[in-house]
Structures are given as C-alpha cells and as structure tokens.
Amino acid sequence: MAVPELRAAASRREEMLVLGARALKGRTTVLVGIGQPNLAAALGKLLYTPELIMMYESGIIDGGSEKLALSIGDPALVKGAAAICSMFELFAYYLGGRRIDAGFVSAAQIGRTGDINTTVIGTYADPTVRLPGSGGASDIALLVDELLVMMPHEKRRFPERVDFVTSSAGRSMTVITDLATLVMSDGELVVTAIRRGVTRDQVRAETGWPVSFTDPLGSTPPVTADELAAVRRLDKDGLYS
Amino acid sequence: MPSTQAGEIKVAKVMTMAEAVRRFVTDGDLVYVAGFSHAIAFSSGHEIIRQRKRNLTLCRATPDVIYDQMVAAGCARKLIFSWVGNPGLGNLHCISRALADGLEFEEYSHFQMLARLVAGGTGLPFYPMPDGSGGELARHNPNLKTVTDPFSGSKWIAVPPLRPDVVFIHVQRSDRKGNIQMWGVVGDVRDAAASGRSVIASVESIVPDDVVRRDPNRTILPGFLVDAIVREPWGAHPSPVQGHYDRDNEAYRSWSTISKEPNRVTEFLDEWVYGVDGRAEYVRRQSPRLNALEVGTSLSEPVNYGSA
C-alpha cells in the first residue's frame with residue numbers, strides 16, 4: 001500500500017486538527033459533531049487518549065470505525081460500536097444526566113462572550129443566509145462540562161456579537177482556530193496561544209472585537225511527524241484538512 | 001369490517017405503500033417521516049408526492065433530502081424541524097427557497113424535538129428542558145414557554161407534546177402483525193412511532209412470527225402500535241439500512257446540485273417519483289447503481305433465551 005509522502009510542514013488546518021486531538025487529553029467522554037471535530041477527536045483517540053469514548057447525537061457510543069464518517073449515523077460507525085441507544089436516551093440520560101465531559105462542535109459564528117451561531121446570518125425573520133440551526137449543538141453547549149469549538153479564524157466568523165444565539169456560552173469553553181486558541185475568561189473569549197508564525201496583529205485583524213491576549217502568551221508546540229502522518233492517514237481524501 | 005377473526009385482521013395490516021398513504025394520509029395532516037440519518041422512510045415520501053397530498057405539516061428532526069423533495073412537490077404547508085441541511089453538503093435548496101418565500105416553520109433543538117415526541121407518546125402535558133435550552137429560539141417560537149419547578153422553584157423551558165397524525169418508519173423487518181425489529185441507528189424511530197396516531201412501517205422483509213419471537217429484545221415497537229406494514233425493499237434509499245445497503249453518498253451529492261435549479265428538480269421528480277408507479281419500479285430502474293451500495297456481512301453471536 002502506497003504511503004503518501006509527507007510534505008515538509010503541516011498546513012494550518014492540519015495543525016488545527018492536531019491541536020483538537022491534544023485538547024481531548026484526559027477526557028473520558030466526548031460528544032462530537034461530524035466533520036472536523038469528529039476527525040480531531042478520532043485523532044486524539046488514536047494518538048493520546050485510547051480510552052476516550054466518542055459519542056454521536058445519533059446515539060452511537062464508542063463507534064467502531066477508522067473510516068471517516070460523512071454522516072453521524074454512518075453504518076460504518078455502528079459496526080463495532082460499544083452501544084447504540086436512541087437519540088432520546090442519548091440526549092436525556094447521558095447529556096441531560098450530565099454524564100458527558102466534553103462536547104466538540106464547529107460553528108458558523110462565535111461572539112466575544114462565547115455565544116455560538118449556526119442558525120442565520122442577518123435577522124431571524126428575514127435572514128440573508130439560512131444556516132442549518134441547532135441540531136444538538138445548543139443542547140450540547142448547555143449540558144457538557146467543557147465545550148470545544150473548532151473553526152476557521154475569519155473576521156466574519158468572529159463578530160463582537162453573533163447574529164443569532166443558537167447556543168449560549170458553555171461554562172468552560174476552548175476555541176481552536178487555524179490562527180489561535182481562545183478560552184473563556186471572565187465572560188469573554190481571550191487568546192491564550194497563537195500558532196507559530198502567526199502574529200498578534202493577524203489575530204486582531206481576523207477578530208471582530210479588540211481581543212485580549214493572556215500574558216505570557218502560550219505558543220503552540222510544533223506538529224510532530226507522527227501527528228502529521230496520523231492526520232493524513234485518517235483524512236486520506238483531504239476532506240477536512 | 002365484520003370480521004372477528006384475529007388472523008384476518010392481522011393479514012389486513014399488510015398492504016402496498018399506495019394503499020397505506022391513501023388510507024392514512026389526509027390533506028392537512030401532521031406527518032412525521034422518521035429515521036435519523038439511517039433508514040429514512042424515503043419511499044413513503046415519494047408516494048405522498050405521487051398522491052399529491054397537500055397542506056401537510058411536515059415534521060422531522062432533520063428534514064433531509066426527502067422533505068426537500070416533498071416541499072418542492074408542493075406537499076407542505078408548514079415545516080417543523082431541528083436541523084435543516086444536506087449533511088456535509090450545505091443547504092437543502094428547495095426548502096431554503098420555500099422558507100425565503102414564506103413557508104411557515106417551527107424550529108427547535110434536537111433535544112426539544114425528541115422531548116416533544118416523548119411528551120406526545122407518553123401523554124405528558126409538556127416536557128421540561130433546562131433553562132437556556134434552544135438559545136434565542138425561545139424569543140421566536142411561542143411553543144417554548146418558561147415554567148417553574150414546583151419543588152425547587154428553579155426555571156425550566158417547557159415544550160408541548162407532539163402527536164403526528166401519521167408516522168412513517170422504515171426498518172429491517174417485522175412479522176405480519178407489525179412487531180417491528182430494527183438494529184443500527186434507531187434514532188427517532190421509536191419515539192416518533194410511539195407518538196403517532198397512525199404508524200405505517202415499511203420493511204426490508206416480512207419474516208415469519210417465530211423469527212421475531214426467537215429474539216424479542218430486538219423488537220423496538222410492538223405490533224399493536226402499528227397500523228400498516230409495507231414490504232418495501234430499498235425503501236430507505238438513498239439513506240442506508242444497516243446490514244442491507246450503504247448510504248448513497250453520490251445521490252445526496254447529486255441532489256445538492258439538482259436542487260439548486262427548480263427546472264432540474266421538476267425533471268428529477270418527473271423521472272424518479274411521478275415517473276414510477278412505486279418503489280419496486282424505482283429499484284428496477286436504479287438497479288445498476290444500487291449494486292455499488294451492497295454491504296458486507298457482520299453477524300453477531302446468537303444469544304440464549306433458554307428458560308426452565
């Protein structure tokens with residue numbers, strides 16, 4: 001089987017996925033959304049947290065696949081899973097019963113106070129863009145101990161206030177972007193680390209409010225060859241990186 | 001019907017999809033086509049389109065391509081949902097156009113939607129959700145109301161019961177009495193069916209009673225809740241059915257292109273919905289590409305139900 005030749009360095013998106021994987025160290029249970037969060041969590045389980053129990057809102061618990069799922073009800077995730085429960089059981093017992101450590105989602109917009117929007121751009125009554133809405137995201141944000149969010153760092157996605165509050169800010173929140181890591185501190189998202197080669201001015205330029213940086217500011221340990229190989233193996237079609 | 005023979009009544013449950021839709025769906029009904037990302041009852045939606053049912057309130061957690069097609073065909077007066085998109089591919093374009101043109105809708109989070117079904121199915125007056133549930137939706141959806149916990153005095157958000165007039169489900173198998181067995185992602189199927197005034201189940205196969213009775217724990221719905229059984233192989237295509245066929249990702253991708261242009265939507269419906277008399281003909285015409293969706297075999301060990 002051909003092994004793809006590794007490029008010299010990780011792309012910003014590959015680095016973001018690796019940081020998501022690292023962020024799950026020490027967690028036991030995580031409810032993941034499909035797409036980049038799923039890939040990052042799968043990477044974390046593979047590299048750092050083999051006991052991590054990944055769950056999907058479809059009711060799949062500890063899904064069995066190394067194949068990357070396009071849908072959270074993918075039959076490939078069912079085969080080899082530890083359990084399948086109904087959606088209601090998942091939301092009521094495990095999420096509502098506060099049995100899930102972390103949620104890992106993506107977002108269209110995130111605001112200064114950590115509110116997330118996946119519902120509309122513009123007004124709710126007359127939107128310029130209609131987005132999918134909550135799905136389970138607002139329930140997850142409300143009912144997990146820690147919310148991880150992964151999204152590209154662009155000014156239009158980081159407004160001072162989101163157009164619509166789909167999910168209120170969680171108690172504890174970490175936002176991992178291709179430029180920086182932000183966490184909630186005194187009710188506001190602040191930058192705790194920036195990527196190597198990224199400047200504060202770049203982060204400021206792509207953030208819609210006068211964002212604060214912690215002092216000292218963390219740097220991001222470089223992506224290792226193992227991490228890079230794993231992310232490219234998991235996402236061999238390059239769908240998410 | 002004067003018959004008192006239990007056997008005749010049971011047999012009478014088995015019918016075609018055309019007959020089930022004719023008998024159980026009335027214009028103006030609240031309809032729930034169940035199946036969360038798996039085993040979506042597509043063939044029922046197509047039959048509803050063929051019979052030109054109108055003014056339906058279409059309810060599903062995730063409207064998916066099936067409701068995009070039903071909305072495009074003019075079946076819907078209103079949409080109730082909690083996540084409206086073509087998974088991984090962006091918008092449901094027909095629904096987006098209809099919403100922009102003023103199609104009435106009600107929006108929830110997934111947990112709220114499921115809680116509405118559970119309240120409906122169990123006879124509760126409402127289901128309490130944690131304060132903050134649904135974010136800003138509470139300002140726009142009058143069905144999200146604040147209640148006080150009579151024990152602690154804390155604030156909750158109440159959602160009302162949902163009782164669809166007709167619920168369509170698609171599963172792997174049932175017997176002729178409608179005892180429903182399903183595996184893989186069950187999703188919203190049981191909760192939707194238990195809340196429905198009528199339940200129509202399409203199945204990949206109808207099996208002898210003793211097949212069901214040798215494995216009663218796999219039954220997710222007892223037959224007395226089920227009004228009609230339709231033998232409909234490939235009834236969920238292009239969604240997958242565990243152990244039967246894979247998701248037709250290409251069909252979902254293709255719909256994401258087709259649905260951008262209303263004239264191509266019309267052509268699609270003419271060819272694949274109005275142009276076939278039912279799922280069997282659809283399957284015959286799709287068959288070259290359906291072969292690619294075959295799945296492997298992965299058996300679980302039998303369990304011992306032995307008793308003294």
Asker: Please determine whether the number of non-hydrogen atoms from other residues, nucleotides or ligands lying under 6.0 Å from atom NZ of K78(B) exceeds 12.
Answerer: yes

Asker: Could you check which of G135(A), S58(A), G136(A) has the highest count of heavy-atom pairs closer than 4.5 Å to chain B?
Answerer: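 Highest number of pairs under 4.5 Å: G135(A).
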
Asker: Sort S298(B) into side chain, backbone, both or neither according to what part of it lies under 4.5 angstrom from a heavy atom of chain A.
Answerer: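 Contact with chain A: side chain only.
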
Asker: What closest approach, in Å, do G73(A) and S37(B) show between heavy atoms, and which atom pair accounts for it?
Answerer: CA-OG, 3.0 Å

Asker: Between G135(B), G85(B), S109(B), G88(B), which has the largest tally of heavy atom pairs under 4.5 Å with chain A?
Answerer: S109(B)

Asker: Can you see which heavy atom on I84(A) is nearest to which on V186(B), and at what distance?
Answerer: CG2-N, 4.4 Å

Asker: Taking the side chain as every heavy atom from C-beta outward, state whether R130(A) and N91(B) have any atom pair closer than 4.5 Å.
Answerer: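 When only atoms from C-beta onward are counted, N91(B) and R130(A) do not touch, as no gap falls below 4.5 Å.
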
Asker: Does a side-chain heavy-atom distance below 4.5 Å link F111(B) with L142(A)?
Answerer: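 Not touching, per the 4.5 Å side-chain cut-off.
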
Asker: Can you tell me how far CG of D74(A) sits from CG of N249(B), rounded to the nearest 0.5 angstrom?
Answerer: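 The distance works out to 7.5 Å.
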
Asker: Chain B: which of C85(A), G35(A), A92(A) shares the most heavy-atom pairs with it under 4.5 Å?
Answerer: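 Top option by heavy-atom pairs under 4.5 Å: A92(A).
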
Asker: In the structure I gave you, are the side-chain heavy atoms of R190(B) and F88(A) within less than 4.5 Å of one another anywhere?
Answerer: no

Asker: Within the 4.5 Å heavy-atom criterion, are F164(A) and H140(B) side-chain neighbours or not?
Answerer: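 Heavy-atom side-chain distance check passes, below 4.5 Å.
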
Asker: So which part of L143(A) gets closer than 4.5 Å to some heavy atom of chain B, the side chain, the backbone, both or neither?
Answerer: side chain

Asker: Roughly how far, to the nearest 0.5 Å, is CG of L117(B) from CE of M87(A)?
Answerer: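 Here the rounded value is 10.0 Å.
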
Asker: How many angstroms lie between CE in M113(B) and OG in S134(A), if you round to the nearest 0.5 Å?
Answerer: 11.0 Å

Asker: Flag the one option from I95(B), D188(B), L99(B), L137(B) with the top tally of heavy-atom pairs under 4.5 Å to chain A.
Answerer: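 That would be L137(B).
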
Asker: Between P87(B) and I34(A), is there a side-chain heavy-atom distance shorter than 4.5 Å?
Answerer: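 No, their side chains stay 4.5 Å or more apart.
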
Asker: Answer with side chain, backbone, both or neither: which region of T166(A) has an atom nearer than 4.5 Å to a non-hydrogen atom of chain B?
Answerer: backbone

Asker: Does anything in residues 120-130 of chain B get under 4.5 Å of chain A by heavy atoms, and if so which residues?
Answerer: Y127(B), P130(B)

Asker: Counting only heavy atoms closer than 4.5 Å, note whether N86(B) contacts chain A via side chain, backbone, both or neither.
Answerer: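 Neither part; nothing is under 4.5 Å.
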
Asker: If you check every heavy atom in residues 113-129 of chain A against those of chain B, which residues fall under 4.5 Å?
Answerer: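 The residues closer than 4.5 Å to chain B, in numerical order, are T119(A), Y124(A).
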
Asker: Should the heavy atoms of other residues, nucleotides or ligands under 6.0 Å from CZ of R161(A) be counted, would the total exceed 12?
Answerer: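 Atom CZ in R161(A) is not packed in, count stays at 12 or less.
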
Asker: Answer with side chain, backbone, both or neither: which region of F81(B) has an atom nearer than 4.5 Å to a non-hydrogen atom of chain A?
Answerer: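 The side chain, not the backbone.
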
